[in-house]
Amino acid sequence: MKLKLDFTPELVAAMAAEVKAGEKAVTAAMREAGTGLKTAWRGQITGAGLGRRLANSIRSQTYPKAGESLNAAALVWSKAPVIVGAHDTGPLIRSKDGFWLAIPTEAAGRGLRGAKLTPGEWERRRGLRLRFVYRRRGPSLLVADRARINNRGQAVASRSKTGRNQVTAPIFLLVPQVKLPKRLDLDRDAERAHDSVPGLIVANWVEGRI
């Protein structure tokens, strides 16, 4: 028995159209899955009270960047991976030199662009020396003597010669380690996005035929 298979122009055209439809469906599905995951992660971050700026660090990109492919893929990432990753895993943070972690109080204020100040930076900016206060119970302190509290609640150098309104202000709390609470669950949304891909491919393939 002999079998013969002929590829007619119509069959070739139909197969090519089917491949093209598949390329469009897969690329559209990956784009939707990536965008959906980006939106979900941003929603988690703002919902956890971590701010819109950190949420906007989540980005997505579909590959290939131009055209369509059956091997299309989507990448979702953060431009602040260390910060986002820390809130996702809830790590135990210790001082690099094995001593203390300095946690600024409200009286410490902020540095450039809202960044938290280190004790050395605070002394240079405020022109005051910090004094170590050991406490057996509770965190030890770095305090500023002969300071005053301004209208923004920040400790600054007092110019009073009489000592009026001068205070000893706690500027930093000193602790040996801090357990950062886990505030995000990025894997949950990533798994949902992954599981949604087959359905998205089918939906886009069917839609392309209508």
Side-chain angles (χ1 to χ4, degrees), residues 5 7-96 98 101-104 110-116 118 175-210:
L5 180 63
F7 290 95
T8 64
E10 292 79 7
L11 180 59
V12 172
M15 292 177 64
E18 199 68 20
V19 170
K20 188 62 177 178
E23 291 175 340
K24 289 183 177 180
V26 172
T27 303
M30 297 310 301
R31 184 180 298 110
E32 289 180 38
T35 301
L37 181 56
K38 177 182 71 174
T39 301
W41 280 4
R42 286 184 173 185
Q44 271 204 57
I45 292 172
T46 54
L50 299 175
R52 175 59 60 183
R53 183 176 180 181
L54 185 61
N56 287 341
S57 75
I58 303 297
R59 305 295 175 87
S60 67
Q61 178 64 58
T62 303
Y63 298 93
K65 293 184 178 180
E68 295 154 340
S69 171
L70 290 173
N71 296 317
L75 175 65
V76 182
W77 76 98
S78 171
K79 296 185 71 175
V82 174
I83 299 174
V84 173
H87 288 293
D88 184 43
T89 59
L92 184 66
I93 302 175
R94 294 185 175 92
S95 172
K96 293 181 180 179
L101 286 173
I103 303 175
R110 294 277 182 167
L112 294 175
R113 298 180 180 177
K116 292 183 179 180
T118 65
V175 295
Q177 61 187 29
V178 172
K179 181 68 170 68
L180 192 67
K182 178 176 171 61
R183 305 172 73 176
L184 303 174
D185 189 354
L186 302 183
D187 284 344
R188 180 194 65 201
D189 288 336
E191 290 175 2
R192 289 176 179 173
H194 180 272
D195 293 342
S196 72
V197 170
L200 290 173
I201 292 175
V202 173
N204 280 283
W205 208 320
V206 171
E207 183 179 342
R209 290 175 171 276
I210 299 176

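A donor-acceptor pair is defined here as one N or O able to donate and one able to accept, closer than 3.5 Å; such a pair exists between the side chain of D88 and the backbone of L186. Under the 3.5 Å distance criterion, the side-chain polar atoms of K179 are matched with a main-chain donor or acceptor of G90. In this structure a side-chain-to-backbone donor-acceptor pair under 3.5 Å is missing from R53 to L50. A donor-acceptor contact shorter than 3.5 Å is absent between the side chain of T35 and the backbone of E32. Using a distance-only test at 3.5 Å, with no hydrogens or angles considered, no donor-acceptor pair links the side chain of R183 to the main chain of H87.
The two residues S60 and V76 make their nearest non-hydrogen contact at CB-CG2, 4.0 Å. Contact record, G67 with T27: O-CG2, 4.1 Å, taken as the closest heavy-atom pair. Taking both residues in full, the closest heavy atoms of S69 and P64 are given as CB-CD, 3.9 Å, listed atom of the first, atom of the second, then distance. Closest heavy-atom contact between T46 and A55: CG2-CB, 3.6 Å.
Proximity of M30 to V197: side-chain heavy atoms (C-beta onward) are separated by under 4.5 Å at one or more points. Two residues are said to be in side-chain contact when any heavy atoms from C-beta on lie closer than 4.5 Å; W41 and R59 fail this criterion. Contact annotation: the side chain of Q61 approaches that of W77 to within less than 4.5 Å [non-hydrogen atoms, C-beta and beyond].
A side-chain donor from one of S78 and S57 sits under 3.5 Å from a side-chain acceptor of the other. Under 3.5 Å, the side chains of Q44 and D185 contain no donor-acceptor pair of N or O atoms.
Taking NZ from K38 and CG from L75, the interatomic distance works out to 12.0 Å, rounded to the nearest 0.5 Å. T118 contributes atom OG1, which lies 13.0 Å from atom NZ of K116 (distance to the nearest 0.5 angstrom). The CG atom of L184 sits 8.0 Å away from the CG atom of L54 when rounded to the nearest 0.5 Å. How far CD of E18 is from CH2 of W205: 5.5 Å, rounded to the nearest 0.5 Å. Note: T89 OG1 to L180 CG = 7.5 Å, rounded to the nearest 0.5 Å. Taking CD1 of I45 as the start and CD1 of I58 as the end, the distance is 4.0 Å to the nearest 0.5 Å.
Dense packing is recorded around NZ of K182, with more than 12 heavy atoms of other residues, nucleotides or ligands lying under 6.0 Å away.
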Inset, instruction - Walk me through it: do R192 and D195 pass the test salt bridge (charged side-chain N to carboxylate O under 4.0 Å, His left out)? - result: CA-CA 5 Å; R192 289 176 179 173; D195 293 342; over 6 Å; no
Inset, instruction - Begin with the C-alpha distance, continue with both residues' side-chain angles, and end with the deciding distance and a verdict on side-chain contact (heavy atoms from CB on, under 4.5 Å) for K24 and N204. - result: CA-CA 8 Å; K24 289 183 177 180; N204 280 283; over 6 Å; no
